[in-house]
There are 2 protein chains.
Amino acid sequence: MFALPQTTPQPPSPGRPSVLRPDDGRLERGRRSRERIREAARALFRERGFDGTTLRAIGARAGMGASSIYRHVRSKEELLVQELAELQEEAWNRFRLHDDREAPTRARVRRFFQTQHDLLAEVPDLTVIALRATTYPHARVARRVLALNERTIGLLAEILQGGRVRRDLGGDVDVLVAARALFHVASGARLSWANGLVTEVGCRSDIDASVDLLFRGIGADETR
Amino acid sequence: MFALPQTTPQPPSPGRPSVLRPDDGRLERGRRSRERIREAARALFRERGFDGTTLRAIGARAGMGASSIYRHVRSKEELLVQELAELQEEAWNRFRLHDDREAPTRARVRRFFQTQHDLLAEVPDLTVIALRATTYPHARVARRVLALNERTIGLLAEILQGGRVRRDLGGDVDVLVAARALFHVASGARLSWANGLVTEVGCRSDIDASVDLLFRGIGADETR
DNA sequence: CCGATTATGCGATCTTGTTCGCGTTGCCCC
DNA sequence: GGGGCAACGCGAACAAGATCGCATAATCGG
């Protein structure tokens, strides 16, 4: 349904991938540089956080000037989005690995968020900076993050759809609307966590509570 | 329940309000300056948007250097948060003005979001930048925005609580969790709107759909 | 009136993400 | 093997938010 994020080390850089000249010694060097940049950024983000990491520092660790980074990346945030994409992929894989399609829908949803959270917990910045990126609507990276989000929502919708065919859901529930609601509620909880309002376990139980609420509904049974 | 945002033109600036010397010609001058800054910022934000507005421009229009602004404000975003606080206050007032406490809870919630959206639509940046502010957990302004959000959530909880006593809600619904869910779902929809993924009316109907969903619940009636 | 205190303003400066123009280098084609 | 073409890297420079030290002025205690 959605385009897979390109995690292969193809040149995802500004210029087109130059299909005319498929490979090249220069391109090889470029790939190595990109790899060094990615590693340096990844390490520094974990050491000092996103905002504490300067492009000059990344460049220094990657053995190049700060401006050269822009040969390979369009913005600082793109470096983090790469990580986000990988982490999401990993989360999906882990989830699917032990996913029981016959389990109650609500349980599957909860387990998905738990799996995702296990990974997210290691890099608290990720969620927050991704969210921040979406607040720059003109930037390309915003659309990239939104696409990633949409993909997660798609997976949630898939889970829900599985429940629908098993009559596990209310009959007239719009699966996509529901998936979006689940996603945003979880994001909100994680934002509180990132701001130190709740602990990590608090965040988890908030998410669980919200999922339960969404399944049960706010309204009184059968009335209005 | 929550501390009211201080909208009175008391010096909310970095230094303490200097209670020892309650007023002063200088303080008077400062108040006027703050007012000019606020007006200039407000106008420029509407003309060019938040990111398109430079502090030097604000300073120029307010008749002072850019650095002087920091005597009255701790960051650029704080200028916008002031607006957000006012706008929320206005939204609450408008809502309460025509609020029918006997109306069905769901209808009240929907009307609240509509009222809020009427105002928000005039300054599309507001929601987004406020959200962005919360992605800088170290900044004071983040906590300020979170407090404002918490206040909105509180109002929603109040509405829900009203419904609970009338048996309008499911018996075991945690009012605060539900309010939070409503809030975050609406924020998510507005984020899509700000990113041009949906039109304003689309955003409104998305919110309505989400509210309906939250009231009805995702799960099948009475089962699991 | 005097010194101390303090709110305000200013310009220089810093920081950091980002852009720009230039030079270098490996590759292809003739 | 020479010219052309990109990819790459670099240092200078820019933009804009923020900080700093200094200057000014208003007030107060004495």
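All figures in this text were calculated on a predicted structure; none of them were measured in a lab. Protein chains get the first letters and strands the later ones, always in sequence-line order, with residue 1 at the start of each.
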Going by salt bridge (charged side-chain N to carboxylate O under 4.0 Å, His left out), name the residues that satisfy it together with B:Arg94, two or more places apart in sequence or in a different chain.
B:Glu90
Whole-Å distance, B:Ile69 CD1 to D:dA16 P, equals 14 Å
Rounded to whole Å, NE2 of A:His72 lies from P of D:dG9 at a distance of 4 Å
Quick one about A:Arg190 and A:His117 (side-chain donor to acceptor, distance below 3.5 Å, no hydrogens or angles considered), yes or no?
yes
Given atom CD of B:Glu78 and atom P of D:dA18, what is their separation to the nearest angstrom?
10 Å
Rounded off to whole Å, could you give me the CD-to-P distance for the A:Glu77 and C:dT16 pair?
16 Å
When you measure from the centre of the six-membered ring of A:Trp92, is the NZ or CZ of A:Arg151 under 6.0 Å away and within 45° of the axis?
yes
Check the phosphate of C:dT8 against B:Ser33, side-chain N and O only, distance under 4.0 Å to OP1 or OP2. Yes or no?
no
Rounded to whole angstroms, how far apart are CG on B:Leu80 and C1' on D:dG17?
15 Å
Regarding the side chain of B:Leu55, the nearest nucleotide among D:dA18, C:dT8, D:dC8 is D:dA18
In this structure, how many angstroms lie between the P atom of D:dA26 and the CZ atom of B:Arg31, rounded?
16 Å
Do B:Lys76 and B:Tyr70 meet the cation-pi criteria used here (NZ or CZ under 6.0 Å from the six-membered ring centre, within 45° of the axis)?
no
Could I get a table of every N or O pair under 3.5 Å where one atom is in the protein and the other is in nucleotides 10-14 of chain D?
unit_1: D:dC10; atom_1: OP2; unit_2: A:Gly65; atom_2: N; d: 2.5
unit_1: D:dC10; atom_1: OP2; unit_2: A:Ser68; atom_2: OG; d: 3.1
unit_1: D:dG11; atom_1: N7; unit_2: A:Ser67; atom_2: OG; d: 3.3
unit_1: D:dG11; atom_1: O6; unit_2: A:Ser67; atom_2: OG; d: 2.5

Spacing between A:His138 atom NE2 and C:dT18 atom P, to the nearest angstrom:
15 Å
Quick one: on DNA chain D, does B:Lys76 or A:Ile37 contact a more 5' nucleotide (nearest heavy atom)?
A:Ile37
Salt bridge check: are A:Glu47 and A:Arg61 linked by an N-O gap of less than 4.0 Å?
yes
Output yes when a side-chain donor or acceptor of A:Arg111 lies under 3.5 Å from a complementary backbone atom of A:Phe95, and no otherwise.
yes
Please report, rounded to the nearest Å, how far the P atom of C:dT19 is from the OH atom of A:Tyr70.
7 Å
